[in-house]
Amino acid sequence: MLRVVEHSLMRFGRDETGGITIEFVMLFPLLLMAFVIFIGYSMASMRSAMILDYAQRTARAYSIGYFLNEEAVRVHMNEYMWNVSTAKSVSVDVLPAPSSQVIDEYGFITIKMDIPVLRLVSVVGFASVFEGLIGISSKLQVRAPIEGRP
């Protein structure tokens, strides 16, 4: 009986059928998770670039007199950041809304933006892969000289 068990174990140890399947089953979730993280990061980078470009154009519009005051610029930027961000269905109690601060001093306009990272990243709504980013915000800033204002 012992000889039969020993023979079966030896044969099992030499058998290589299904080896690739086991490697695939072990590595596929890691590759899939890496892919989702890379997609999320690229989406966040794209949205950050869009927001920075829009803030630069808004600061330029303020500097030439298109906006009357800093409050109008702040409301305009907050509305744009909300429209660009993802996870709109998530309550602001769980995830803060994007916000901006506009400062007009020393001949420059400065727009400071604070955007929760999950408002930029979310691949499939409120993806659980990124829940560790709940408390993290992306802080962006644009500064432009004021040109034709009285």
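These figures come from a predicted structure and were not determined experimentally.
Summarising the geometry, atom CG belonging to Asp114 is positioned 8.5 Å from atom CG belonging to Leu140; distances are rounded to the nearest 0.5 Å. With values rounded to the nearest 0.5 angstrom, Tyr106 atom OH is found 13.0 Å from Ile146 atom CD1. Leu52 contributes atom CG, which lies 8.0 Å from atom OG of Ser138 (distance to the nearest 0.5 angstrom).
Two different hydrophobic clusters hold Ile103 and Met77 under the rule that ILVMFWY side chains link at heavy-atom gaps under 4.5 Å.
Side-chain contact between Ile109 and Arg60 is absent, with no heavy atoms from C-beta onward closer than 4.5 Å.
Ser45 contributes no side-chain N or O that, together with a main-chain N or O of Ser42, makes up a donor-acceptor pair within less than 3.5 Å. Panel note: side chain Asp104, backbone Glu70; no donor-acceptor pair is recorded below 3.5 Å. For the pair Asp53 (side chain) and Ala49 (backbone), a donor-acceptor distance under 3.5 Å is absent.
A pairwise comparison of heavy atoms in Ser99 and Met81 identifies O-CE, 3.4 Å as the closest pair.
Considering Glu71, Arg74, Met113 as possible partners of Val102, the one that fulfils the side chain to side chain contact (heavy atoms under 4.5 Å, CB included) test is Arg74.
Looking at Tyr66 and His76, their side chains never bring a donor and an acceptor atom within 3.5 Å of each other.
Aromatic ring centres of Tyr54 and Tyr80 lie closer together than 6.0 Å.
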